[in-house]
Amino acid sequence: MAEKVGWYGRKRTRELALIVCFLLPSLAIFLLYRMIPLGWNVVLSFQSWSPMRPARWVGFEHYEEMFLWDDVFWQAFWNTLIWIGAAPVAIVLALGIALLVNSDLKGASVYRTIVFLSYPLMTVAVGIIWRWMYDERGGFFNWVLRSTGVIEQPLGFLASFDMALPAVIVTDIWQVIGFYMIVLLTGLQSIPQHLYEAARIDGAPARARFFRITLPMLRPSLFLCAVIGLLNSFTSFDLVYIMTNGGPGHATELLITYIYKAGFGQTKFDYAAAITVVQFSLLLVLTVLANWAAGGNAGAVERD
């Protein structure tokens, strides 16, 4: 009579137990530092709470104040959307650079290195350098414009309500464009060359090869850049804080900077939690839309 094999003696069970053992530490850290704080943040957004008094349930009071009476929130909300809208500009520029350095251009490796050098720099250092370049009195851009006769009076890039946000966005694009270029360049180099050779034999022009071969094959890389651009738009606290601190007059205020000011500047942690919930919901919706625009299965693992 054959001996009965226990549940642990089965190969499939042992493999499953081994997978669980490897994943359990990461899942525990993710639950402890991500999911539990996120859940507590949602609960806190429906409460009136501060470190000096016990929590009191207030329902949608914070959301009512936010959507109906808080003009600063709406300014930060629209600024965040504008920042998100600038991400495709950076991706398009990076794609153009990637196409150039992927060609037979002389010195392409040197240009690739120069463009990428902006990304590893610390954001604080980038903010300080560009803040000096935008300076109204001795900044580099004003010096160039006045030396070439384009302007007579210096421009206050970061002191102007209309110019401050575009100026900071240009700085952000300059810093992140190198990373996008590397991602897209990797995608370009992974495209099989025989597809282009077959298209040339069939007489397809360069425009048709770009839209029929290059862009479809770059879809995963473009989706990755889009998601990183979304995340960067919601986490660009340090650059804005160093360059303008959300000013002048909340002209460069983002949701992330407003959350910081509401929570740590005004000690309104409950209200900051409500703004965080709105920001997370916006990020989730935009990520789903980006995945849908990429075909609905971007990032999926292909199985044989």
Side-chain angles (χ1 to χ4, degrees), residues 27-87 123-124 127 161 164-166 168-169 172 176 226-293:
L27 292 176
I29 294 174
F30 180 76
L31 179 66
L32 182 62
Y33 291 99
R34 295 291 184 179
M35 299 308 297
I36 293 179
L38 178 62
W40 182 75
N41 186 91
V42 174
V43 174
L44 182 61
S45 68
F46 294 100
Q47 295 178 335
S48 176
W49 176 87
S50 76
M52 305 303 295
R53 66 174 185 268
R56 177 173 58 88
W57 190 264
V58 295
F60 290 92
E61 182 177 309
H62 297 310
Y63 294 96
E64 180 180 355
E65 177 185 355
M66 184 192 314
F67 291 121
L68 299 181
W69 312 110
D70 193 349
D71 294 334
V72 179
F73 164 77
W74 285 111
Q75 181 70 45
F77 182 84
W78 294 119
N79 287 344
T80 302
L81 290 184
I82 293 173
W83 199 288
I84 294 171
T123 306
V124 174
F161 190 89
L165 184 61
V168 180
I169 289 176
D172 178 72
V176 79
V227 171
I228 293 175
L230 283 176
L231 295 176
N232 179 62
S233 302
F234 286 98
T235 57
S236 298
F237 170 82
D238 40 5
L239 185 63
V240 175
Y241 185 81
I242 291 297
M243 295 188 68
T244 62
N245 194 23
H250 303 289
T252 58
E253 198 79 76
L254 302 180
L255 287 176
I256 185 65
T257 59
Y258 191 41
I259 290 170
Y260 171 80
K261 292 179 180 179
F264 296 97
Q266 306 173 16
T267 63
K268 297 168 61 176
F269 297 103
D270 43 9
Y271 191 66
I275 304 175
T276 303
V277 171
V278 173
Q279 176 177 267
F280 178 77
S281 302
L282 179 62
L283 174 61
L284 189 62
V285 170
L286 291 176
T287 303
V288 172
L289 291 176
N291 185 46
W292 172 78

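Just so you know, these numbers use all the heavy atoms, side chains as well, and skip hydrogens, waters and symmetry mates.
Side-chain N or O atoms of W49 include none that pairs as donor or acceptor with a backbone N or O of F269 at under 3.5 Å. Side-chain atoms of T257 come within 3.5 Å of backbone N or O of L254 as a donor-acceptor pair. No side-chain donor-acceptor contact under 3.5 Å links D238 to the backbone of T123. Checking side-chain atoms of K261 against main-chain N and O of I256 turns up no donor-acceptor pair under 3.5 Å. At least one donor-acceptor pair under 3.5 Å links the side chain of H62 to the backbone N or O of Q47. Checked by atom type and distance alone, the side chain of T252 pairs as donor or acceptor with a backbone atom of G247 at under 3.5 Å. Counting only distance, with no hydrogens or angles, the side chain of D70 and the backbone of E65 share no donor-acceptor pair below 3.5 Å.
Side-chain atoms of V240 and N245, non-hydrogen and from C-beta on, never get closer than 4.5 Å to each other. Residues W83 and V168 meet the side-chain proximity criterion, which asks for heavy atoms closer than 4.5 Å.
No donor-acceptor contact under 3.5 angstrom links the side chains of S45 and Y271, judged on distance only. In this structure, a donor-acceptor pair under 3.5 Å is present between the side chains of N79 and Q75.
Between I228 atom CD1 and S233 atom OG the span is 11.5 Å, to the nearest 0.5 Å. To the nearest 0.5 Å, the span separating CG on L286 from CG on L231 amounts to 10.5 Å. The CG atom of D270 sits 10.0 Å away from atom CD1 of I275, with the distance rounded to the nearest 0.5 Å.
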**OP:** Please test L282 against L81 for side-chain contact (heavy atoms from CB on, under 4.5 Å), starting from the C-alpha separation and ending with a verdict.
**Re:** CA-CA 10 Å; L282 179 62; L81 290 184; 4.1 Å; yes
**OP:** For F280 and F234, run ring-ring contact (aromatic ring centres under 6.0 Å, His included): C-alpha distance rounded to whole Å, both residues' side-chain angles, the deciding distance at 0.1 Å, then the answer.
**Re:** CA-CA 9 Å; F280 178 77; F234 286 98; 9.6 Å; no
Subject >> Test side-chain contact (heavy atoms from CB on, under 4.5 Å) applied to V42 and T276, step by step >> reply: CA-CA 9 Å; V42 174; T276 303; over 6 Å; no
Subject >> I259/F237 under side-chain contact (heavy atoms from CB on, under 4.5 Å): CA gap, chis, key distance, verdict >> reply: CA-CA 10 Å; I259 290 170; F237 170 82; over 6 Å; no
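Note on ring orientation: taking the six-membered ring where Trp is involved, the planes of F77 and F73 are tilted (angle from 30° to 60°). Under the 30°/60° scheme for interplanar angles, the aromatic rings of Y260 and Y241 are found to stand perpendicular.
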